Amino acid sequence: MQKDYDPKNIEPKWQRLWKDINLYKAPERPKRKFYVLEMFPYPSGKDLHMGHLKNYAIGDAVARIKMMQGYDVLHPMGWDSFGLPAENAAIQWGIHPKEWTEENIKGFKSQLERLGISYDWDRELATSSSEYYKWTQKLFLILYKRGLAYRKGAWVNWCPSCKTVLANEQVIDGKCERCKSKVEKRKLIQWFFKITDYAERLLKDLDKLRGHWPEHVIKQQENWIGKSVGVEIVFKVGDIPLKVFTTRADTLFGVTFISVAPDSEIVEDILKNVGPETREKIIDYINESLIKSPEEREKGKTGVFTGLYAKHPFTDEEVPVYVADYVLGEYGTGVVMGVPAHDQRDFEFATRYNLPIKIVVFPEKNEGKDFEEFIDAMCEETESEDYSFEYKGKRYVFKPKRAYEKKGILKNSLKFTGLSSDEAIKRIAEELESKNLGGRKTAYRIRDWLVSRQRYWGAPIPIIHCPKCGEVPVPEKDLPIILPHTENFLPKGRSPLEDIEDFINTKCPKCGSDAKRDPDTMDTFVDSSWYFLRFTDPKNDEDIFDPEKANLWMPVDQYIGGAEHATKHLIYARFITKVLYDEGMLEYDEPFANLFTQGLVLKKFWWSPVHLKSFPNPEDVEYKDGKPYLKKDGTPLEERVEMMSKSRGNIVPLGPFVDRYGADTARVAILFAAPPDMDFEWTDATSTAAIRFLNRVWRVFYELHEEGIRPVRVIDHQNLKGEDKEFVLKFNDLIDGIMKDYDKFKFNTAIAKLMEGLNEVDKYKLSKEVLGWFVDNFIRLLAPIAPHLSEELFHEFSMDEMYGKKSVFQTPLPQPLKGLKKESVEIGVQINGRFRGRITVPFNASEDKVLEVVKGDERLRRYISKGIKKVIYVPNKIINIITV
RNA sequence: GCUGGGGUGGCGGAAUAGGCAGACGCGCCGGACUUAGGAUCCGGUGGGGUUAUCCCGUGCGGGUUCAAGUCCCGCCCCCAGCACCA
């Protein structure tokens, strides 16, 4: 055995072995399957950095643990290689997206191989290859056939910088999630997937995932779906029924106006029923409001009166109808009833346009917190006795200052007066239903998924537009619709494919006449919404996948990825899985049985608000009075700790690190730094611990090897004595703890326990047998975390011969020994609840025995001289003695 | 504003199920080896202190309990997500 740890030499050696023995090849027919999957990456460059590694290190540890637990593991990897950044980079570097993408894939792959991650590369796929997107197109057709893919003209999010539409999920704070430009609204004809049809199931089935997915992801999805149970109420404007959705039907008698969203469909009906002057006014208003940013809309609640009046379903009173842009066209019915007294938004609108305010919900009691809040919102202090009432020595008169939004007791509400809000909602809904003027209704916040994009680098939508037959799906036999090669892919606000004559012009598959292809490509989230299914049958050239194979492996037993996909990829994938379940292709309707979301790897850098760029290199920075300045010109900087990314420049590249310290060191560093689900900042200290630890492992094992220690599989653990026994007891607890940590992905504490084990073995004088037992166990415990080093030691100690296996990963993980008996144990002593010392007593000693020891202890005796009143004894843990 | 997560040494972080707070590591201090530096090894390291068989200590204030980082009530702060959703 070599004296020094030399990862450069040993790592490629074992990577070769693993390849030669097909260690990672998933069997066709698994007996005990385990499907572990990391979210596949977008190949954004040629080089990986530490931020990337975390995801793969966790997945690899899980895969290896499962291998050693005897599972047939499926652990595939692929590339989410379609998408906007390929074009942007292509524009920047003047290289075609296809070429750029292929080069990056090569780079990523070779680095993943260099890390020795346990992928079954035979199943590799890339969403941008026609062998893959052929089936993305088929998926589109399946949805189309089921009525779940449709085209409509709608006000959609438009990113002026990316020059394409965006799904709701890709707009953050009114900005494009990629380029941060302000998103505009445009009315365009676009393709949508009808995810709203699945809203209830997506919500309800979260119950199946509870306990298996992080609670925060489940919560986010719940909020995103946003179910509200309410009441639909019809207000008639002449013959037009204006349907209103509300969760507060109890405030119905406080309605003083109706507001219609400018982008709702019912506006068309309204326009037909007003005079030409008013129509023009309304149209002007609509055009104005739709170019407003969300912030502008929020600031002033504006609207325009339509001149129409709607009839209240119970009082027959006429209330004015407005078009107002604080109402959302896409939510509920796109029409709301204005109840200024009990809704702050309506209140602001009513104040602006001098509309009456009717108070119809009062607090239950004329005192207390709610009542005071009510007075605060609705009343003003007064001196006069007129129309006023007294509370706590002060006189008040009604003068609403803001809305009172709490539930309470109804007043001024005809026969519903006196009911509680909840009771009233129920009764009003029933009554409306019997009058045919509405009833119970559920609204969801989630919108249909906008899937078309006016960009080049994506899967073409498999639809042909025929002047005679209309929309015609491409017959399956004609798939794939190949993305044509062009140098002219620059975004210009409409699809580049539209200008490629050979592509766009085609014949209608139905009638044969001249027709045009749909020019748009699909959102990349469509590609990634089913890739985990393709991995179960990646080479199938007859179908999207063979249901039999998919059902052998699905669902994914452990999915690992970033939390940022909570309301995007993770909800789309659930949706598509349910569609394919309904299509009869899957036996399970949830794709990911267990989800783990890893934390980010952060790194410090300095941002210059003067130069508007980041300075990742500490050498450019100097501190004065604790504040950072740029060395070269003295301008102030801001210290920031954020996610590693190329654009910030704060990356730690993986290549040089692995060259110097080895892949195992990189993995241990990242897994030891913090719990895997937590964000952490990468500093030099992060790697120090890992470098030292692995070197120390090597040295200790080198010495053991030199001393001629041979691994021992079974020891006579019942008959150990002295230090042998003490050590085995201790190390056995560590084995137990590490196994539990592995189950819960707590790799940081597992590594801490391995370190502890290594520290302990040095402290004792041990027999050759026990040292041999330690060698055998330690190597196998370390294997999932530092696979190359462990494999090397496995062979150095001839464990391959002992086990008759070629690789440590074909051997089982250690199990704690059973029936080990501790002779004595140290327990804490409390007197009157205060900690006073610790004593050693026989294992499972009786209370009397322990008291005897306490009484015999010099230091403790004096505390109990007054006499004992009560004793609480927890065997092997603690004794608490209460004195008189 | 709503929802979820969190607040523990100089730092990253441990602590089943209420039972000896600070595992493991980084840093720091001291020592060994060394011409020296690095590497390595050994010891120490929450604060205070009259150095003792002491006191204080897990964001703040109360409470429950023999016993609270852990449970309950009230507050403060940080992070993330959502946010005119009627």
Side-chain angles (χ1 to χ4, degrees), chain A residues 172-173 214-224 226-228 230-231 244-249 251 259 261 294-295 297-299 301 324-328 330-339 342-346 348-349 405 443-447 563-564 566-567 672-675 677-693 695-696 699 737 740 746 748-759 762 826-839 857-863 869-882:
Chain A
I172 315 277
D173 288 335
E215 196 52 40
H216 70 270
V217 174
I218 292 180
K219 262 271 129 46
Q220 272 187 62
Q221 292 211 353
E222 268 174 11
N223 292 345
W224 191 259
K227 179 178 180 173
S228 302
V231 177
V244 153
F245 176 77
T246 179
T247 53
R248 289 297 301 277
T251 64
S259 291
E295 299 94 81
R297 276 201 190 193
E298 201 168 336
K299 252 189 253 155
K301 298 210 170 8
D325 64 9
Y326 75 93
V327 183
L328 299 173
E330 302 158 305
Y331 182 76
T333 58
V335 186
V336 301
M337 58 184 208
V339 186
H342 303 293
D343 183 289
Q344 186 57 27
R345 296 156 300 182
D346 296 343
E348 284 166 33
F349 188 83
E405 295 187 323
Y444 297 90
R445 207 193 73 108
I446 193 171
R447 313 281 202 268
E564 67 275 15
T567 54
F672 180 62
D677 53 348
M678 216 185 256
D679 294 354
F680 80 93
E681 183 191 347
W682 180 279
T683 63
D684 290 343
T686 313
S687 49
T688 307
I691 295 166
R692 286 191 193 157
F693 172 57
N695 273 301
R696 204 154 160 241
R699 266 198 316 276
K740 283 176 183 153
K746 291 166 79 175
N748 58 326
T749 50
I751 293 168
K753 289 185 181 90
L754 287 166
M755 290 172 168
E756 223 180 321
L758 202 63
N759 294 342
D762 257 3
E826 196 175 48
I827 68 168
V829 180
Q830 286 184 351
I831 288 150
N832 295 325
R834 296 183 68 87
F835 177 73
R836 293 295 177 189
R838 44 195 76 164
I839 53 172
D857 189 297
E858 269 297 307
R859 296 162 306 151
L860 299 171
R861 195 174 353 188
R862 47 188 292 249
Y863 291 106
K869 197 164 91 184
K870 191 180 173 190
V871 175
I872 298 105
Y873 173 53
V874 184
N876 306 320
K877 281 221 165 115
I878 202 162
I879 184 162
N880 193 357
I881 300 166
I882 311 305

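Protein chains get the first letters and strands the later ones, always in sequence-line order, with residue 1 at the start of each. Every value quoted in this text rests on a predicted model; they were computed, and no experiment measured them.
When the P atom of B:rU40 is taken as reference, atom CG of A:Leu758 falls 13 Å away, rounded to whole Å. Atom NE2 in A:His216 sits roughly 9 Å away from atom C1' in B:rG4 (whole-Å rounding). As rounded to whole Å, 19 Å separates atom P of B:rC84 from atom CZ of A:Arg248. Straight-line distance from the CG atom of A:Asn695 to the C1' atom of B:rC41: 14 Å, rounded to whole Å. Here the C1' atom of nucleotide B:rG12 and the CD atom of A:Glu681 are 10 Å apart, to the nearest Å.
Of the N and O atoms on the side chains of A:Asp346 and A:Tyr326, at least one donor lies less than 3.5 Å from an acceptor on the other residue.
Closest contact between the side chain of A:Val336 and the listed nucleotides B:rG13, B:rC66, B:rA86 involves B:rA86. The listed nucleotides are B:rG13, B:rG27, B:rC82; the one nearest the side chain of A:Pro675 is B:rG13. Out of B:rU40, B:rA86, B:rG4, the shortest distance to the side chain of A:Lys219 is found at B:rG4. Nearest nucleotide to the side chain of A:Ile878, out of B:rC66, B:rG19, B:rG25: B:rG19. Among the nucleotides B:rG13, B:rC82, B:rA86, the one closest to any side-chain atom of A:Met678 is B:rG13. Of the candidates B:rU3, B:rG19, B:rA86, B:rA86 carries the atom nearest the A:Ser228 side chain, counting heavy atoms from C-beta on. The side chain of A:Arg692 lies closest to B:rC26, out of B:rC26, B:rU3, B:rG19.
Comparing the C1' positions of B:rA83 and B:rG19 gives a spacing of 45 Å, expressed to the nearest Å. The same atom, C1', is picked in B:rC77 and in B:rC60; the two are 10 Å apart, to the nearest Å.
Taking the syn range as angles within 90° of 0, the glycosidic angle of B:rG9 is syn.
Between the side chain of A:Lys877 and the base of B:rC20, no donor-acceptor pair under 3.5 Å is found.
No side-chain heavy atom of A:Val231 sits under 4.5 Å from any side-chain heavy atom of A:Phe245.
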Provide a list of protein-nucleic acid N or O atom pairs under 3.5 angstrom, restricted to nucleotides 21-23 of chain B.
{"residue": "B:rA23", "atom": "O2'", "partner": "A:Glu756", "partner atom": "OE1", "Å": "3.4"}

Atom pairs, protein N/O to nucleotides 48-53 of chain B N/O, distance under 3.5 Å:
{"residue": "B:rU53", "atom": "O3'", "partner": "A:Tyr863", "partner atom": "OH", "Å": "3.3"}
{"residue": "B:rU53", "atom": "O2'", "partner": "A:Arg862", "partner atom": "NH1", "Å": "2.9"}
{"residue": "B:rU53", "atom": "O2", "partner": "A:Arg859", "partner atom": "O", "Å": "3.3"}
{"residue": "B:rU53", "atom": "O2", "partner": "A:Arg862", "partner atom": "NH1", "Å": "2.9"}

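A:Ile882 and A:Gly833 make their closest contact through CD1-N, 4.5 Å (heavy atoms, listed as atom of the first residue, atom of the second, distance).
For the pair A:Asn880 (side chain) and A:Ile872 (backbone), a donor-acceptor distance under 3.5 Å is absent.
Summarising the local packing, CG of A:Asp684 is surrounded by 12 or fewer heavy atoms from other residues, nucleotides or ligands at distances under 6.0 Å.
Ion pairing of A:Lys753 with A:Glu756 is absent here, as no side-chain N (NZ or NE/NH1/NH2) approaches a carboxylate O to less than 4.0 Å.
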Item to check | Nucleotide pairing, RNA chain B (Watson-Crick or G-U, distances under 3.5 Å), in dot-bracket with [ ] and | | outcome: (((((((..(((......[....)))((((((.......))))))(((.....)))..(((((..]....))))))))))))....

